[in-house]
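A quick write-up on the structure given underneath.
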Amino acid sequence: MPGPPDPPETDPGAGEWDSQPWYAILDDIAYAEVAAAVASAADAIGYTHAAAHLDHYLGNSGDTLEVNVDSVLHDVPDANTHANSLAEQEIRRIASAAAAAENYDNPTTFQTDWDPFYITKESNADWFFAMGGTRMAASGVVITREPAEGAQPSVVVEYKIHIYDRYNWDEGKSVEIAGVTVHDKDMGELHTAGLAREYDIKGTSEVRRYEGNIPANGPVDLPGSDDSRDGERTDPTR
């Protein structure tokens with residue numbers, strides 16, 4: 001089964017890390033304490049993923065953060081619907097081509113391009129603050145079975161959903177987290193002051209499996225995600 005596509009191009013973020021002169025960062029040192037307090041407050045009110053992602057930014061490593069994709073897709077139903085629609089387009093394309101060529105019982109792999117998806121505050125405030133705008137892709141393998149005469153083809157499918165995001169703060173925006181208004185410009189300047197660091201977020205779901213017909217009308221009944229948290233640091237139930 002193919003993995004995720006290569007990481008997409010991203011916006012430049014706040015600029016070069018640690019690029020401010022030392023004498024210009026006194027206000028940023030003070031604001032870093034504000035940002036840490038926001039992360040603690042977010043965690044206290046149940047925004048555990050938002051808190052963890054902000055803590056990772058303030059940790060200043062720049063290391064990639066692995067996100068639990070199954071938790072995202074469970075917590076944000078619209079994200080699950082969007083992810084499955086990416087897979088369904090490929091499943092239908094492959095099944096149609098196999099039926100036209102009478103090429104049955106042979107596995108065909110697929111890998112979609114990255115597709116933008118925005119998690120809204122209304123759909124899930126925690127994941128909105130944690131990521132907001134993301135990219136999604138699907139990859140998998142499809143086997144098309146020979147149908148009975150006049151019937152729709154059936155398929156056996158295994159696939160995964162991938163998520164990518166670049167955690168950074170852009171000027172000109174602000175959000176309110178745990179009652180505190182956070183300005184993107186101030187957060188971004190922690191990066192250029194060398195007090196925090198932008199980073200990549202990525203992850204891949206568990207394998208999803210579908211076996212059944214491809215309906216001529218209506219969506220394919222592809223599976224959702226279990227609430228797979230496995231005791232992660234950002235588990236609201238721990």
field: Flag side-chain contact, heavy atom, 4.5 Å: Ile201 against Thr64
entry: no

Less than 3.5 Å apart, which donor and acceptor atoms pair up between the side chains of residues 133-143 and the rest of the protein, not counting sequence neighbours?
residue: Thr134; atom: OG1; partner: Phe117; partner atom: O; Å: 2.9
residue: Ser139; atom: OG; partner: Pro2; partner atom: O; Å: 2.7
residue: Ser139; atom: OG; partner: His162; partner atom: NE2; Å: 2.8

Membership question, hydrophobic clusters at under 4.5 Å side-chain separation (ILVMFWY): are Tyr164 and Tyr57 in the same one? no

Contacts of Asn106 meeting side chain to side chain donor-acceptor pair (under 3.5 Å) (sequence neighbours excluded), chain-then-number -> Asn103

Rounded to the nearest 0.5 Å, the CG atom of Asp165 sits from the NZ atom of Lys202 at a distance of 13.5 Å

Determine yes or no for a side-chain-to-main-chain donor-acceptor pair under 3.5 angstrom, with Ser154 supplying the side chain and Asn213 the backbone. no

What one should report as the nearest heavy-atom pair of Glu189 and Gln20 is O-NE2, 3.2 Å

Scanning both residues in full, the closest heavy-atom pair of Thr109 with Ile94 reads O-CD1, 4.2 Å

Exercise for review: Check whether any side-chain heavy atom of Asp200 lies under 4.5 Å from a side-chain heavy atom of Leu65, and answer yes or no.
Suggested key: no

Are Ile119 and Trp114 connected, step by step, through hydrophobic side chains (Ile, Leu, Val, Met, Phe, Trp, Tyr) whose heavy atoms are closer than 4.5 Å? no

The test is side-chain contact (heavy atoms from CB on, under 4.5 Å); show your working for Met187 and Tyr31 and say whether it passes. CA-CA 8 Å; Met187 282 292 192; Tyr31 194 77; 4.1 Å; yes

Residues passing the side chain to side chain donor-acceptor pair (under 3.5 Å) test with Asn124, sequence neighbours excluded, are none

Assign the ring pair Tyr167 / His53 to parallel, tilted or perpendicular, where the plane angle (0 to 90°) is split at 30° and 60°. perpendicular

| How about Pro223 and Tyr159: do any of their side-chain heavy atoms sit closer than 4.5 Å? | yes

side-chain hydrogen bond (donor to acceptor under 3.5 Å, both in side chains) pairs touching residues 7-17, sequence neighbours excluded, are Asp11-Asn168, Trp17-Asn60

- Item | Flag for Asp18-His191: side-chain donor and acceptor within less than 3.5 Å | no

Heavy-atom nearest pair, Gly46 first then Asp126, reads O-OD2, 3.9 Å

Checklist entry - Mind checking whether Asn80 and His74 have side chains closer than 4.5 Å, heavy atoms only? => result no

Practice task
List the steps, then state whether side-chain contact (heavy atoms from CB on, under 4.5 Å) holds for Tyr47 with Val38.
Solution key: CA-CA 11 Å; Tyr47 291 172; Val38 169; over 6 Å; no

Do the side chains of Lys121 and Phe129 get nearer than 4.5 Å, heavy atoms only? yes

Any Thr204 side-chain heavy atom under 4.5 Å of Ile161 side chain: no

So side-chain hydrogen bond (donor to acceptor under 3.5 Å, both in side chains) across residues 89-102, not counting sequence neighbours, yields Glu88-Arg92, Glu90-Arg93

- Taking a hydrophobic cluster as the set of Ile, Leu, Val, Met, Phe, Trp and Tyr residues connected by side-chain heavy atoms closer than 4.5 Å, whether directly or through intermediates, do Ile91 and Tyr104 fall within one such cluster? no

All heavy atoms of Ala42 vs all of Ala51, minimum pair found to be CB-CB, 4.2 Å

Quiz item: Do Val156 and Leu222 share a hydrophobic cluster, counting only Ile, Leu, Val, Met, Phe, Trp and Tyr and linking them when any side-chain heavy atoms are less than 4.5 Å apart?
Solution: no

Here the pair of heavy atoms bringing Leu54 nearest to Ala35 is CD2-O, 3.6 Å

Distance col, row Ile177:CD1 vs Thr181:OG1, nearest 0.5 angstrom, shows 9.5 Å

Please report the C-alpha distance between Arg208 and Glu206 in whole Å, then the side-chain angles of each, then the deciding distance to 0.1 Å, and finally whether the salt bridge (charged side-chain N to carboxylate O under 4.0 Å, His left out) criterion is met. CA-CA 6 Å; Arg208 296 177 163 202; Glu206 296 295 325; over 6 Å; no

Those residues at least two apart in sequence (or on a different chain) that pass side chain to side chain donor-acceptor pair (under 3.5 Å) with Lys173 are none

Aromatic ring pairing His56/Tyr199, orientation class (parallel under 30°, perpendicular over 60°, tilted between) | perpendicular

In this structure, CG of Asp186 is separated from OG of Ser174 (nearest 0.5 Å) by 10.0 Å

Residues His82 and Pro116: closest non-hydrogen pair is NE2-O, 3.6 Å

task = Verify, without hydrogens or angle tests, whether Thr81 (side chain) and Pro77 (backbone) share a donor-acceptor contact under 3.5 angstrom.
result = yes

Between the CG atom in Asp105 and the OG1 atom in Thr144, the distance rounded to the nearest 0.5 Å is 8.5 Å

* Answer with yes or no whether the hydrophobic clustering places Phe110 together with Met1; edges join I, L, V, M, F, W, Y residues whose side-chain heavy atoms lie under 4.5 Å apart. => no

Of Asn68, Asp75, Asp70, the one forming a side chain to side chain donor-acceptor pair (under 3.5 Å) with Ser225 is Asp70

Check: Gln111 side chain, Gly3 main-chain N or O, donor-acceptor pair, under 3.5 Å | yes

